[in-house]
**Q** 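Sending over a structure as structure tokens; questions will come in a sec.
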Amino acid sequence: MDLDALNAAFALPDVLRFVEGRGGLTLIEIDNGLARASLTTHGAQVLSYRPAGARDDLLFVSERAYFAPDREIKGGVPICWPWFGRDPAEPERIIHGFARLRDWSVLACETRPDGATWVRFGLADEAETHALWPHYFNLWVEVTVGATLSVSLTTRNAGDEPFAITQGLHAYFNIGDPARVRVLGLDGCRYLDKAADAPPDAVGVQSGSLGFEAEVNRIYESVPPSLMIEDEALQRRIRIDSRHSRTAVVWNPWIAGSRSMPDLDDEDYRRFVCVETVNAASEVIRVAPQQEVRIGAEYRLESL
């Protein structure tokens with residue numbers, strides 16, 4: 001659907017509209033009094049969210065991010081599906097799956113009784129996805145923009161054979177200074193260390209809060225449903241309440257990592273941390289024919 005058709009079908013007067021964004025991608029702009037947000041149909045991805053009264057955006061998007069139909073957007077909340085990280089069956093395939101590279105359909109836009117705005121996206125299998133992953137599926141991403149930001153991903157196995165997935169909400173959070181950021185709630189959790197300088201199959205156990213003084217790339221297991229990012233520089237906390245997830249990834253590429261990625265500025269490691277709600281590593285989700293499974297997270301800003 002073109003912009004005129006999308007606005008005719010789904011726009012909410014004075015609240016939600018469809019506009020053309022960078023690279024010709026379709027953006028959904030929301031301003032409902034509770035918050036302002038920007039979403040894109042490319043990957044069903046949230047790009048920005050700022051609740052009323054907040055000085056800074058919750059999310060980070062790199063100024064060097066690619067905005068193109070065949071590229072992932074570095075920032076916001078990308079959808080990783082049907083595998084998270086490298087596909088263990090075929091490691092040469094694109095990292096984090098193909099869902100974040102597809103153009104999703106807009107299925108519904110509504111104003112909820114509390115004034116929040118709800119958007120539902122859909123994606124189904126087709127010939128191009130069968131060439132990458134030979135299964136039948138329906139996916140739905142639901143985003144609620146209000147006093148908090150909520151994102152959920154539902155998978156339905158539309159075929160006659162079971163399949164297995166790993167998946168995640170790869171959230172990039174805007175920060176003021178990594179040296180003054182701590183992640184709370186992981187104390188005692190075992191983690192797999194995937195940092196570039198870590199030995200193969202390195203594991204550890206988190207002691208206390210997690211800070212950032214070098215590259216961090218860890219998959220935490222058996223995590224509690226609520227985690228917190230404490231950011232002294234921006235004088236705020238970000239609360240992450242996850243659903244249907246027992247693993248979490250924490251990532252900051254640090255200096256060498258930022259310099260090695262063309263869609264990151266050399267200094268971007270100072271501007272974000274990822275705390276990701278995932279089903280990954282040993283948390284493989286098996287989906288029976290006609291079964292639905294879901295993963296989700298709610299993000300809330302609080303003042304220090």
**Q** Do the side chains of L186 and V223 get nearer than 4.5 Å, heavy atoms only?
**A** yes

**Q** Could you tell me which non-hydrogen atom of I79 sits nearest to which non-hydrogen atom of A44, and how far apart they are?
**A** CG1-O, 4.0 Å

**Q** Given side chain to side chain contact (heavy atoms under 4.5 Å, CB included), test I255 with D266 step by step and report yes or no.
**A** CA-CA 7 Å; I255 300 169; D266 289 355; over 6 Å; no

**Q** Would you call P162 and R286 a side-chain contact if the rule is heavy atoms closer than 4.5 Å?
**A** no

**Q** Is there a donor-acceptor pair closer than 3.5 Å between any side-chain N or O of W83 and the backbone N or O of I94?
**A** yes

**Q** For T277 and A297, which heavy atoms make the closest approach, and how far apart are they?
**A** OG1-CB, 3.6 Å

**Q** Is there a donor-acceptor pair closer than 3.5 Å between any side-chain N or O of N279 and the backbone N or O of H244?
**A** yes

**Q** I would like to know whether R112 and E110 meet salt bridge (charged side-chain N to carboxylate O under 4.0 Å, His left out); could you show each step before the answer?
**A** CA-CA 6 Å; R112 292 297 169 89; E110 298 177 1; 3.8 Å; yes

**Q** To the nearest 0.5 Å, tell me how far R236 CZ sits from E230 CD.
**A** 12.5 Å

**Q** Please check this pair: side chain of Q206 against backbone of S209, looking for a donor-acceptor N/O pair closer than 3.5 Å.
**A** yes

**Q** Take L210 and Y191 through the side chain to side chain contact (heavy atoms under 4.5 Å, CB included) test and state the conclusion after the steps.
**A** CA-CA 12 Å; L210 172 64; Y191 63 83; over 6 Å; no

**Q** So, taking the atom named CD1 in I285 and the one named CZ in R294, what distance separates them when rounded to the nearest 0.5 Å?
**A** 14.0 Å

**Q** Evaluate the side-chain proximity of E232 to R182: yes if any heavy-atom separation is below 4.5 Å, no if none is.
**A** no

**Q** Are the side chains of R239 and E302 in contact, using a 4.5 Å heavy-atom criterion?
**A** yes

**Q** Can you say whether the rings of W251 and F272 are parallel (under 30°), tilted (30 to 60°) or perpendicular (over 60°)?
**A** tilted

**Q** Output yes when a side-chain donor or acceptor of Y269 lies under 3.5 Å from a complementary backbone atom of R259, and no otherwise.
**A** no

**Q** Check F18 against N7 and note the closest heavy-atom contact, atom names and distance.
**A** N-OD1, 2.9 Å

**Q** May I ask you to check whether over 12 heavy atoms, not counting those of D201, lie within 6.0 Å of atom CG?
**A** no

**Q** Rounded to the nearest 0.5 Å, what separates atom CZ in F137 from atom CG in N157?
**A** 10.5 Å

**Q** If we only count heavy atoms from C-beta on, is the E283 to T166 side-chain gap below 4.5 Å?
**A** no

**Q** For E292, does the CD atom sit with more than 12 other heavy atoms under 6.0 Å from it, leaving out its own atoms?
**A** yes

**Q** How about F173 and Y299: are their ring centres within less than 6.0 Å of each other?
**A** yes

**Q** Fit a plane to each ring of H130 and Y136, take the angle between them on a 0 to 90° scale, and name the class: parallel (under 30°), tilted (30 to 60°) or perpendicular (over 60°).
**A** perpendicular

**Q** Can you check side chain to side chain contact (heavy atoms under 4.5 Å, CB included) on I295 and W81, steps first, answer last?
**A** CA-CA 11 Å; I295 188 172; W81 191 95; over 6 Å; no

**Q** Can you check whether I28 reaches L16 side chain to side chain, under 4.5 Å on heavy atoms?
**A** yes

**Q** Do Y220 and F84 sit in one hydrophobic cluster, given that two such residues count as connected whenever their side-chain heavy atoms are within less than 4.5 Å of each other, even indirectly?
**A** no

**Q** CZ/R218 to CD/E276 distance, rounded to the nearest 0.5 angstrom?
**A** 14.0 Å

**Q** Once rounded to the nearest 0.5 Å, what's the spacing between atom CG of N252 and atom OH of Y172?
**A** 11.0 Å

**Q** Which heavy-atom pair separates R86 from R93 by the least distance, and what is that distance?
**A** NH1-O, 3.4 Å

**Q** Please name all residues satisfying side-chain contact (heavy atoms from CB on, under 4.5 Å) with A233, sequence neighbours left out, ordered by chain then number.
**A** D177, R180, D231

**Q** Measuring only between side-chain heavy atoms, which start at C-beta, is T26 closer than 4.5 Å to V106?
**A** no

**Q** Which heavy-atom pair separates L139 from A99 by the least distance, and what is that distance?
**A** CD1-CB, 4.4 Å

**Q** Could you check whether any side-chain N or O of E221 sits under 3.5 Å from a backbone N or O of L192, counting only pairs where one atom can act as donor and the other as acceptor?
**A** no

**Q** Verify the neighbour count for atom CG of D114: are there more than 12 heavy atoms of other residues, nucleotides or ligands below 6.0 Å?
**A** yes

**Q** Just checking E213: does its CD atom have more than 12 heavy atoms from other residues, nucleotides or ligands closer to it than 6.0 angstrom?
**A** no

**Q** Are the side chain of D187 and the backbone of G208 linked by a donor-acceptor contact shorter than 3.5 Å?
**A** yes

**Q** So, does S150 use its side chain to make a donor-acceptor pair with the main chain of T144 at under 3.5 Å?
**A** no

**Q** Test side chain to side chain contact (heavy atoms under 4.5 Å, CB included) on D268 and M261 and set out the steps.
**A** CA-CA 10 Å; D268 273 348; M261 298 182 188; over 6 Å; no

**Q** How about F67: does its CZ atom have over 12 heavy atoms from other parts shown lying under 6.0 Å from it?
**A** yes

**Q** Should L12 and I30 be counted in the same cluster of Ile, Leu, Val, Met, Phe, Trp and Tyr side chains packed under 4.5 Å apart?
**A** yes

**Q** Considering residues, nucleotides and ligands other than D70, do more than 12 of their heavy atoms fall under 6.0 Å from its CG?
**A** yes

**Q** I'd like to know if the side chain of N32 and the backbone of V145 have a donor-acceptor N/O pair within less than 3.5 Å.
**A** yes

**Q** Please report the closest heavy-atom contact between W118 and A108, naming both atoms and the distance.
**A** CZ3-CB, 3.6 Å

**Q** For H96 and G85, indicate whether the former's side chain and the latter's backbone hold a donor-acceptor pair under 3.5 Å.
**A** yes

**Q** Checking the side chain of E215 only, and the main-chain atoms of A196 only, is there a donor and an acceptor separated by less than 3.5 Å?
**A** yes

**Q** Would you say CZ of R246 has more than 12 non-hydrogen atoms from neighbouring residues, nucleotides or ligands within 6.0 angstrom?
**A** no

**Q** Taking the six-membered ring for Trp, are F163 and H135 parallel (under 30°), tilted (30 to 60°) or perpendicular (over 60°)?
**A** tilted

**Q** What I want to find out is whether R271 reaches D265 closely enough, with some N-O distance under 4.0 Å, to be called a salt bridge.
**A** yes

**Q** What's the verdict on side chain to side chain donor-acceptor pair (under 3.5 Å) for R156 and Q290, showing C-alpha distance, side-chain angles and the deciding distance?
**A** CA-CA 6 Å; R156 177 177 177 268; Q290 309 309 313; 2.4 Å; yes

**Q** Hey, what do you get for CG (L264) to CZ (F60), rounding to the nearest 0.5 Å?
**A** 6.0 Å

**Q** Does atom CD of E267 have more than 12 heavy-atom neighbours from other groups under 6.0 Å away?
**A** yes

**Q** Between L59 and S48, is there a side-chain heavy-atom distance shorter than 4.5 Å?
**A** no

**Q** Do you reckon V181 sits in the same ILVMFWY cluster as L234, going by side-chain contacts under 4.5 Å, direct or chained?
**A** no

**Q** Are V216 and I238 in one and the same hydrophobic cluster, where Ile, Leu, Val, Met, Phe, Trp and Tyr link if side-chain heavy atoms are under 4.5 Å apart?
**A** yes

**Q** Quick one: do L149 and V278 end up in the same hydrophobic cluster if we chain Ile, Leu, Val, Met, Phe, Trp and Tyr together by side-chain heavy atoms under 4.5 Å apart?
**A** no

